[in-house]
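Note that these values count all heavy atoms, side chains included, but never hydrogens, waters or copies made by symmetry. Below, read A as the first sequence line, B as the second, and so on, with proteins coming before strands; counting in each chain starts at 1.
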Amino acid sequence: MNLLYFAWVRQKIGKGEEQMTPPVSDVASLIAHLKNIGPNYADAFADLSRIRMAVNQHHAGLDAKLGPNDEVAFFPPVTGG
Amino acid sequence: MNLLYFAWVRQKIGKGEEQMTPPVSDVASLIAHLKNIGPNYADAFADLSRIRMAVNQHHAGLDAKLGPNDEVAFFPPVTGG
Amino acid sequence: MQTRIRIQREDFDLNAEVTALAGNGEAGAVASFTGHVRKEGDLTTLTLEHYPHMTEAEITRLVAEAGTRWPLIGVTVIHRVGSLKPGDRIVLVAVASQHRHSAFQACEFLMDYLKTHAPFWKEEARSDGQHWVEHRNSDDDAAKRWQK
Amino acid sequence: MQTRIRIQREDFDLNAEVTALAGNGEAGAVASFTGHVRKEGDLTTLTLEHYPHMTEAEITRLVAEAGTRWPLIGVTVIHRVGSLKPGDRIVLVAVASQHRHSAFQACEFLMDYLKTHAPFWKEEARSDGQHWVEHRNSDDDAAKRWQK
């Protein structure tokens, strides 16, 4: 699984991208898994109302299913335009 | 009174501008006066639903009052933009 | 509100106009509209006549009305006259505001009123001669949407 | 529908973009929007980050959706990334159509959805440091207006 982090999510976690193969099948369980990795992840995901996500470059929700080759991105609500 | 004609009104009358001091006090009576001057005027004003007017550079109606120093313009519905 | 109204034969530089309108960070949003001569069958030339002085006066009144309806920072209206070819630009309306919805609304309001109130007339040259363009009722309907 | 989507660090030439979009008389109406960095207190720099590939993919989807709602001839979206200063342009959305109302509607729709869906993030530099800009609920409300 390819994980991407943007904006302050990237800053809190301390990296913009990483590969892992966690034993999870949806976004919610991926977040639970990440929060256990370390305090930087726990801090980034402390308030899920401030987190948005995309799976394979489409906006997705916490219930989106995940497979081993998916690209999953976490980021704050967007502020472009 | 300074009279101005634009677009096909100008073409039908055969001039773009003229001065006259007709014995009229509103736009409707001015048009009646003009239609008696000659067939070119009568042709231009034959169908008043196709004529718009302005008095002193403001859009006006047939009932607009006129004074001797007014600028009165006749033209088709506008097609700019 | 900064207002620029120009009636001219020459083309205009949209980039320069919008840059001037946005200023040095005063406006966050600029909505613009450009009208272009459409390529239509055997149309060769579109000639625009106008009523000098009243044109500027009427557009000034329309811009002032827009300024009472929306919080605007600046408005630029440029309308060309004379002979134009298919593809040429006819008109620019650009509106700067702090908020994009106000900029869009005021820009469309000004175009709708320009089409129905500003004293311009278009004459088409086609292979069978010259024809004055007929006013479109759909333009009246568009302007009526804004009546309060 | 002719679609041009560019994510770039460089500024753009609005005049050239609108000229290309209008073509040689194909489109009668082009509505454009430019967003500019506002001068605000001690703001010195606005830095834009984005999600490469998804940005283009998401904007492509938004433009396709606009094309199903209005009869469009062409759409150009340019969004800048990197470091910008007050007064700099951030974004261009330009929409060509045969009819001005469609052009205006599609242009505003695209801006509203760009603000809520395209993965860009703004970070402000002020005298007290760097701050990520907060998403505005008013942008969500603007986008919701278009829900069918």
| message | Heavy-atom pairs under 4.5 Å with chain D - which of C:Gly28, C:Cys107, C:Gly23, C:Ala16 has more of them than the others? | response | C:Gly28
| query | Do you know which of C:Val93, C:Val91, C:Val95, C:Asp139 has the most heavy-atom pairs with chain D at a distance under 4.5 angstrom? | reply | C:Asp139
Is there a side-chain contact between [X] and [Y], using heavy atoms and a 4.5 Å cut-off?
X        : Y        : value
C:Arg145 : D:His101 : yes
C:His36  : D:Leu21  : no
C:Thr19  : D:Arg89  : yes
D:Asn24  : C:Lys85  : no

Under 4.5 Å heavy-atom distance to chain D, tell me which part of [X] shows up: side chain, backbone, both or neither.
X        : answer
C:Lys115 : side chain
C:Val30  : both
C:Ala142 : side chain
C:Asp112 : both
C:Ala27  : backbone

| query | Does any N or O in the side chain of D:Arg38 come within less than 3.5 Å of the main-chain N or O of C:Gln98, such that one atom is a donor and the other an acceptor? | reply | yes
| query | Does any N or O in the side chain of D:Asn15 come within less than 3.5 Å of the main-chain N or O of C:Leu14, such that one atom is a donor and the other an acceptor? | reply | yes
| query | Would you call D:Lys39 and C:Glu26 a salt bridge, taking side-chain N to carboxylate O under 4.0 Å as the test? | reply | yes
| task | Begin with the C-alpha distance, continue with both residues' side-chain angles, and end with the deciding distance and a verdict on ring-ring contact (aromatic ring centres under 6.0 Å, His included) for D:Phe104 and C:Phe33. | result | CA-CA 8 Å; D:Phe104 275 114; C:Phe33 180 88; 5.3 Å; yes
| task | Verify the neighbour count for atom NE2 of D:His53: are there more than 12 heavy atoms of other residues, nucleotides or ligands below 6.0 Å? | result | no
| Leading residue by heavy atom contact count with chain C [cutoff under 4.5 Å; candidates D:Ser32, D:Ala29, D:Gly87] | D:Ser32
| query | Under a 4.5 Å heavy-atom cutoff, which of D:Arg100, D:Glu40, D:Glu17 has the most pairs with chain C? | reply | D:Arg100
